[in-house]
2 protein chains.
Amino acid sequence: MNPKSLPDKTIERLSQYRRNLLICLSQGKHHIFSHEIAQIHHITPVQVRRDLMLIGYSGTLRKGYDVRELIDLIGKILDTEQGLKVAIVGVGNLGRALIGYFSGKRSKLNIVAGFDNNPDKIGKIYAGVHCFSSEKMSEIIVQEGISIAIITVPAENATSVAEQLVMAGIRGILNFSPKPLNVPPHVYLEEIDMITSLEKVAFYVKKHL
Amino acid sequence: MNPKSLPDKTIERLSQYRRNLLICLSQGKHHIFSHEIAQIHHITPVQVRRDLMLIGYSGTLRKGYDVRELIDLIGKILDTEQGLKVAIVGVGNLGRALIGYFSGKRSKLNIVAGFDNNPDKIGKIYAGVHCFSSEKMSEIIVQEGISIAIITVPAENATSVAEQLVMAGIRGILNFSPKPLNVPPHVYLEEIDMITSLEKVAFYVKKHL
DNA sequence: TTCACATTGTTATTATAATAACAATAATAA
DNA sequence: TTATTATTGTTATTATAATAACAATGTGAA
Ligand SMILES: NC(=O)c1ccc[n+]([C@@H]2O[C@H](COP(=O)([O-])OP(=O)(O)OC[C@H]3O[C@@H](n4cnc5c(N)ncnc54)[C@H](O)[C@@H]3O)[C@@H](O)[C@H]2O)c1
Ligand SMILES: NC(=O)c1ccc[n+]([C@@H]2O[C@H](COP(=O)([O-])OP(=O)(O)OC[C@H]3O[C@@H](n4cnc5c(N)ncnc54)[C@H](O)[C@@H]3O)[C@@H](O)[C@H]2O)c1
């Protein structure tokens, strides 16, 4: 029940379980077995039960898990009650795609601002998200109490943007630029490196060629 | 020297090393120490040396590693000589951003086709990449010898698209849809789940709040 | 009632990755 | 020349994650 000690990979899977449990619920499915959850995610039932054990959730023998209860428990672990505010820095091709994708989806994670240094973009609204000048970034982050930032600026500006974000009090960063970033320990950093992902696919394709 | 046995994480780092080594080279830096590579990626020098040991590369004592040689060796491991062809299925917001991002960058991984089922998009060219009807997908994949596919269709269509791709002989898939896919063992699958990544950031932010 | 068994929950083992410890050596300084 | 040191290369240890083994138990069939 102590979320401080949950394995990283379990956190990832909880997020995925929840998404698909919500779909189950919407289809009128109220109970689910570990092997059913496993099948959806292409993992083993043991892995599922172990994850649920770690979060202290018990199912009913021969009846499985209560979908609603499980969704709620995962929410208690992953979400904060009031939700967290998110900003996107760099409203370019990827930034705009992400705004469209994320905004309105998660009730507990709201994109409340975009920042860009291109005058053409400043003042515009994308999928309901206002794009501000990056000069006002620190100010707005503090004012609005934004705690998470998504970095989608070109690689050459990613380092300085990250520094500004840290200075402004951001607590978590999701970095899409291929530039490795360095942040102090109190800031959580997650990097999505699509070039590496694609090259990895290529490597394994080559291997099995 | 046997690339069959390289750890997955080493493969990822090799891709990243190479990218930054190319930048070093372009800046006229011809030799580099393990602690310099480490600093760029915010890892330990030991990790770097271990990776290089695993690929059988030796540096020179007190002089470090030859940047050019290292880049070439990583290329020998990650790339195929003739390169591999890549297709993007789903030329929507994300698909188009990716086309713009990837095309023309990597000489050994070329996006040679896009596929969509929306008539408005079929026949159009995005950043030099022709968008074809998804009905012609199998045909063109076989014809062109495309071995890698990037899936950027809506979740509800991801499963059927993946099946078609496997049937057409695709050997590696990079899936951006949040739908977990199932592919036979001879097809390598890499999934990028941005919702999970963002929720993970939120979890750790909450934890340290 | 009793037994079989489907399913959960937990512990033990193994696999993978990261870190630490240390051995080797060539360049430099004394 | 010899000692020092910066740096590489390798082995040993520890940490993390996945898998396997198995114990527990309520349900329903016989
Ligand atoms: N496009 C993709 O599909 C894709 C995929 C993977 C990674 N990336 C990475 O994401 C980043 C953005 O890619 P993109 O294709 O959207 O590029 P883009 O050029 O379309 O967008 C970048 C945006 O950032 C803005 N910007 C630049 N410097 C800034 C600063 N200091 N502060 C605020 N805004 C600033 C620019 O004005 C522009 O709007 C890059 O680092 C790229 O490597 C992109
Ligand atoms: N937009 C993002 O930033 C983002 C981020 C993460 C994940 N994703 C995922 O990527 C996928 C695409 O997102 P998007 O925002 O680009 O959506 P989108 O609606 O803009 O694009 C989807 C495209 O796929 C095409 N399509 C639909 N069914 C198809 C089929 N069977 N064959 C071929 N083409 C088909 C549509 O015509 C459309 O052009 C979704 O699964 C989404 O969950 C998107």
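In what follows, every chain begins at residue 1, and chains take the letters A, B, ... in the order their sequences are listed.
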**Prompt:** For B/Leu61 and A/Arg62, take the nucleotide of DNA chain C holding the closest heavy atom to each; which residue's nucleotide lies nearer the 5' end?
**Reply:**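 Taking each residue's closest nucleotide, the earlier one in sequence belongs to A/Arg62.
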**Request:** Take atom CZ of A/Phe33 and atom C1' of C/dC5, then tell me their distance rounded to the nearest Å.
**Result:**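 A/Phe33 atom CZ is separated from C/dC5 atom C1' by 13 Å.
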**Request:** Quickly work out the A/His31 NE2 to C/dA6 C1' distance and round it to whole Å.
**Result:**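 Atom-to-atom, A/His31 to C/dA6, this comes out as 16 Å.
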**Message:** So does A/Asn118 get a backbone contact from the side chain of A/Asp116, meaning a donor-acceptor N/O pair under 3.5 Å?
**Reply:**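 Here the side-chain-to-backbone pair exists.
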**Message:** Strictly distance-based, threshold 3.5 Å: is any side-chain N or O of B/Lys179 a donor or acceptor partner for the main-chain N or O of B/Pro154?
**Reply:**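 Absent.
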**Item:** Range on DNA chain D touched by chain B, heavy atoms, distance below 4.0 Å
**Value:**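 The protein-touched segment is D/dT5 to D/dA12.
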**Asked** So how far off straight is the helix from C/dT1-D/dA30 to C/dA30-D/dT1, going by the axes through five pairs at either end, to 10°?
**Response**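 Its terminal axes enclose an angle near 10°.
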**Message:** Taking the side chain as everything from C-beta on, heavy atoms only, tell me whether B/Thr196 gets closer than 4.5 Å to A/Arg19.
**Reply:**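 With C-beta onward as the side chain, the pair touches.
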**Request:** Taking only Lys NZ, Arg NE, NH1 and NH2, and the carboxylate oxygens of Asp or Glu, determine whether A/Arg68 and A/Asp72 approach each other closer than 4.0 Å.
**Result:**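 Looking at A/Asp72 together with A/Arg68, the answer is yes, because their closest N to O distance falls below 4.0 Å.
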**Item:** SB check A/Lys206 B/Asp79 (cutoff 4.0 Å)
**Value:**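 Result for this pair is no, no salt bridge flagged.
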**Prompt:** Between A/Tyr126 and A/Val91, does a side chain to side chain contact (heavy atoms under 4.5 Å, CB included) hold up when you go through it step by step?
**Reply:** CA-CA 9 Å; A/Tyr126 299 96; A/Val91 187; 3.7 Å; yes
**Prompt:** Do you know which of A/Val183, A/Ile141, A/Ile148 makes side chain to side chain contact (heavy atoms under 4.5 Å, CB included) with A/Ile170?
**Reply:**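 So the option named by the test is A/Ile141.
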**Item:** Minimum heavy-atom distance between A/Lys85 and A/Gly145, given as atom pair plus value
**Value:**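 What the structure gives for the nearest pair is CB-O, 4.1 Å.
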